[in-house]
2 protein chains.
Amino acid sequence: MAHSPASMNGPRSKGRPRSFDRAKALEAALRTFWKLGYEPASVPELCSAMGVNPPSMYAAFGSKAALFIEAMEHYERSYWEEPGRRFLAEPDLRRAVAGYFEDAARILLSPETPCGCMVVLAAVNLADSAGEVAQAVRRLRMATKEMFAIRLRQAAGEGQIPPDADIPALAGTLNALLEGLSLQARDGLSQKELRAMAAHAASLIPSGGPRS
Amino acid sequence: MAHSPASMNGPRSKGRPRSFDRAKALEAALRTFWKLGYEPASVPELCSAMGVNPPSMYAAFGSKAALFIEAMEHYERSYWEEPGRRFLAEPDLRRAVAGYFEDAARILLSPETPCGCMVVLAAVNLADSAGEVAQAVRRLRMATKEMFAIRLRQAAGEGQIPPDADIPALAGTLNALLEGLSLQARDGLSQKELRAMAAHAASLIPSGGPRS
DNA sequence: CGACTTTTATAGTAATCAATACAAAAATAG
DNA sequence: CTATTTTTGTATTGATTACTATAAAAGTCG
């Protein structure tokens, strides 16, 4: 029998086994950070939601900052990876943008989750001591902008937008609007209002290819 | 001689006179809140920037929350009141929007002030204990949206946009984009990039009146 | 069984938070 | 002058923060 070096579910270590589900605890932490934000979510409150005592949390995740970053990565994968794939796969640029912002409006105001995007809202004004967290959220926000840029470059190559379109500025504008929607969602707008706003996103795309 | 009941610069009270300039101290607090955000700006740090000891700050402003709200109102008047007036006075809607977002890009990345809008960024993720502050910033954000709506209704009456345009959604979209620009500004974009993004705001306005 | 390893819960660490108690200082009023 | 009122600086309050020292508990290994 080949010994599994680091196989997936091989908690075949020696010591006392962990008494909680690490994935479920991470999910609970994600919810808490998402709802409260990075700094207002205190370690005791996080641990209470996770059903775990502080020493166990620190042993399993390292620090509050590391827990946040891991929760945020899990959030991104769970909620935004698939909409992003659809956005990049949709052949028509305007349909892609409209579809992505529809998805966004649904996610940002889902009745089962906190309002707004965790990456946008949970770590906006941080103390200097949380520089690690600020860097991680900024990196993720920039990745979304880059996703817009990739899709726009593709559309420019296909003549769906004018060849002289300012793609970085356009990607930035879409990103700014998307992030602004998160603030609107947290400020109490309704799902219907948010969807009506999202529907305007596609009108930011300049019309006409080079020979349309 | 008519005794001045509460005249402007009449510190004709009895006790020991205040040894600092209240307006200058408020300005220093504004800068600190703007740069750091509401909660990361600690009372000792605020007082240090104001050149005042904590008891004097509390005597003059009441509390940290009251100081923030007063600073924010001063900020709004100092930086956004005039651009708002220009926006409402410009007869052509598209020029009004383009001009306002140009002003915004300039303010959000002025080299002499912190990046981004204080109303948008300084109080995003707050602890429950700061509900008073959260309410005040939200009210001001909604006022900007209402300003957009007022100008759009006027334009609809003049036939500058289609009569069936969804004005609340359009105002919300402009507001979302504006707030998103603040996040971009804080995330390190250049003045040039921000201006290029702001130039796209006017393309959100639907073209053509009822009989164009 | 006993040696070893890891996780558990309890209880606390030092640091920092917003807000003040207190008394000396500095003004006016009579 | 004395009495009154308000501001000043010092020093501190209790609460809360992220994080951990410690030892008992609960497993595997030989």
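Just so we're on the same page: letters track the sequence lines, and every chain starts at 1. What's counted below: heavy atoms across the whole structure, side chains too, no hydrogens, waters or symmetry copies.
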Q) Start at the 5' end of DNA chain C and walk down; is the nucleotide closest to B:G62 or to A:M57 reached first? A)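 Of the two residues, A:M57 wins.
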
Q. DNA chain C: B:Y58 or B:G15, which has the more 5' nearest nucleotide?
A.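 Its nucleotide being nearer the 5' end, the pick is B:Y58.
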
Q.
For C:dT8 and A:S19 - does any side-chain N or O of the residue sit under 4.0 Å from the phosphate oxygens OP1/OP2?
A.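 It does, given that an N or O in the side chain of A:S19 lies less than 4.0 Å from OP1 or OP2 of C:dT8.
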
Q. For B:K64 and C:dA18, is the shortest distance between a side-chain N/O and OP1 or OP2 below 4.0 Å?
A.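 For B:K64, the contact criterion (side-chain N or O under 4.0 Å from OP1 or OP2 of C:dA18) is met.
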
Which nucleotide wins on minimum distance to the side chain of [X], given the candidates [options]?
| X | options | answer |
| --- | --- | --- |
| A:F20 | D:dT8, C:dC17, C:dT8 | C:dT8 |
| B:P55 | C:dT20, C:dT10, D:dT28 | C:dT20 |
| B:R16 | D:dT6, D:dA18, C:dA9 | D:dT6 |
| B:N53 | D:dT7, D:dG9, D:dA18 | D:dG9 |

How would you label the contact of [X] with the nucleic acid (heavy atoms, under 4.0 Å): base, sugar-phosphate, or nothing?
| X | value |
| --- | --- |
| A:P17 | sugar-phosphate |
| B:A65 | nothing |
| B:A127 | nothing |

**Q.** Check: A:F87 ring centre within less than 6.0 Å of A:F148 ring centre
**A.**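 Under 6.0 Å, so yes.
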
Q. Is the shortest heavy-atom distance from the side chain of A:L121 to the side chain of B:N125 under 4.5 Å?
A.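 SC-SC contact between A:L121 and B:N125 ruled out.
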
Q: State, with a plain yes or no, whether a side-chain heavy atom of A:R31 is found less than 4.5 Å away from one of A:P114.
A: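 A:R31 vs A:P114: side chains touch.
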
Q | Pairing of A:E146 and A:R139 as salt bridge, 4.0 angstrom limit | A |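 Judged by the 4.0 Å cut-off on N to carboxylate O distance, A:E146 and A:R139 do not form a salt bridge.
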
